[in-house]
Amino acid sequence: MASFEMSELKKIGLGLTGFGVLFSFLGIIMLFDKGFLAIGNILFVCGVSLTIGLQSTVQFFTKPKNHKGSISFGIGFFLILVGWPFFGILAEAYGFVKLFRGFWPTAAVYLQKSPTFGWIFHHPLVTSLLTRFRGRRVPV
């Protein structure tokens with residue numbers, strides 16, 4: 001089994017990303033509270049930048065195939081900061097799906113092999129849905 005070491009910056013980045021998702025979730029639960037959503041967005045972007053590195057983050061968001069997602073995510077981020085959280089979340093959700101659409105098949109395979117959630121993904125109905133919508137896996 002191959003092991004890899006995580007630097008302290010990557011550990012901090014994963015923590016910030018997790019807190020960003022948590023604060024965004026709390027902001028949505030609390031009827032689109034713009035404070036929670038803004039903090040969640042800032043933590044998420046900072047966490048991703050620390051986890052994969054600043055140069056890789058800039059390259060990811062500026063790839064030509066990711067322009068629509070990046071622009072939509074940026075517009076949503078701006079809308080949340082100026083006080084229109086509902087429309088900001090809609091724009092960010094579209095941008096998030098466009099940006100990370102290549103990672104869904106890899107995440108599905110990971111969840112299928114997970115000891116915690118794997119039993120759900122081995123159900124015949126879920127397996128047929130995953131094989132239907134599974135595209136090309138992205139190497140991680």
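Everything numeric here is computed off the predicted structure, so don't read it as measured data.
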Co-membership, hydrophobic cluster, residues [X] and [Y], 4.5 Å side-chain:
X     : Y     : value
Trp84 : Leu90 : yes
Ile52 : Phe73 : yes
Leu79 : Phe77 : no
Met30 : Ile39 : yes

Can you see which heavy atom on [X] is nearest to which on [Y], and at what distance?
X      : Y     : value
Arg101 : Lys65 : NH2-O, 3.7 Å
Leu81  : Ala38 : CD2-CB, 3.7 Å
Gly88  : Ile80 : CA-CG1, 3.9 Å
Ala91  : Ser72 : O-OG, 2.6 Å

Item checked: Sequence-distant partners of Asn41, side-chain hydrogen bond (donor to acceptor under 3.5 Å, both in side chains), two or more places apart -> Glu92
Could you tell me which residues satisfy side-chain contact (heavy atoms from CB on, under 4.5 Å) with [X], sequence neighbours excluded, listed by chain and number?
X     : answer
Ile71 : Ile75
Phe61 : Thr57, Ser70, Leu99
Thr62 : Val58
Lys34 : Pro85

Next item on the list: List in chain and number order the residues that pass ring pair (Phe, Tyr, Trp, His ring centres under 6.0 Å) with Phe86, two or more places apart in sequence or in another chain; answer none if no residue qualifies.
Entry: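 Per chain and number, Phe86 pairs via ring pair (Phe, Tyr, Trp, His ring centres under 6.0 Å) with Phe32.
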Item checked: Results of ring pair (Phe, Tyr, Trp, His ring centres under 6.0 Å) for Phe96 - residues two or more places apart only ->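 Phe96 satisfies ring pair (Phe, Tyr, Trp, His ring centres under 6.0 Å) with Phe100 once adjacent residues are dropped.
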Pairs of donor and acceptor atoms involving the side chains of residues 16-23, under 3.5 Å and at least two apart or interchain, shall be tabulated with distances.
{"unit_1": "Thr17", "atom_1": "OG1", "unit_2": "Gly13", "atom_2": "O", "d": "2.8"}
{"unit_1": "Thr17", "atom_1": "OG1", "unit_2": "Val48", "atom_2": "N", "d": "3.3"}

Next item on the list: Mark yes or no for whether Asp33, through its side chain, and Phe36, through its backbone, hold a donor-acceptor pair below 3.5 Å.
Entry: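 Looks like yes, one N/O pair under 3.5 Å.
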Notebook entry, point to check: For the atom pair CD (Gln55) and CD (Gln59), what is the distance rounded to the nearest 0.5 Å?
Noted result: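 Here the interatomic distance stands at 5.0 Å.
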Next item on the list: Enter the distance from Leu50:CG to Leu43:CG here, rounded to the nearest 0.5 Å.
Entry: 10.5 Å
Margin query: Once salt bridge (Lys or Arg N to Asp or Glu O under 4.0 Å) is applied, what residue pairs with a partner in residues 11-31 remain, sequence neighbours excluded?
Written below: Glu8-Lys11
Note to self: Starting from Tyr94 and following side-chain heavy-atom contacts under 4.5 Å between hydrophobic residues (I, L, V, M, F, W, Y), which residues can be reached?
What the structure shows: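 Same cluster as Tyr94: nobody, lone residue.
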Next item on the list: Tell me who clusters with Leu54, hydrophobic residues only, linked when side chains sit under 4.5 Å apart either directly or through other members.
Entry: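 So far as hydrophobic clustering goes, Leu54 is joined with none.
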Next item on the list: Keeping to residues at least two apart or across chains, list the side chain to side chain donor-acceptor pair (under 3.5 Å) pairs with something in residues 21-31.
Entry: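 Every pair satisfying side chain to side chain donor-acceptor pair (under 3.5 Å) with a residue in residues 21-31: there are none.
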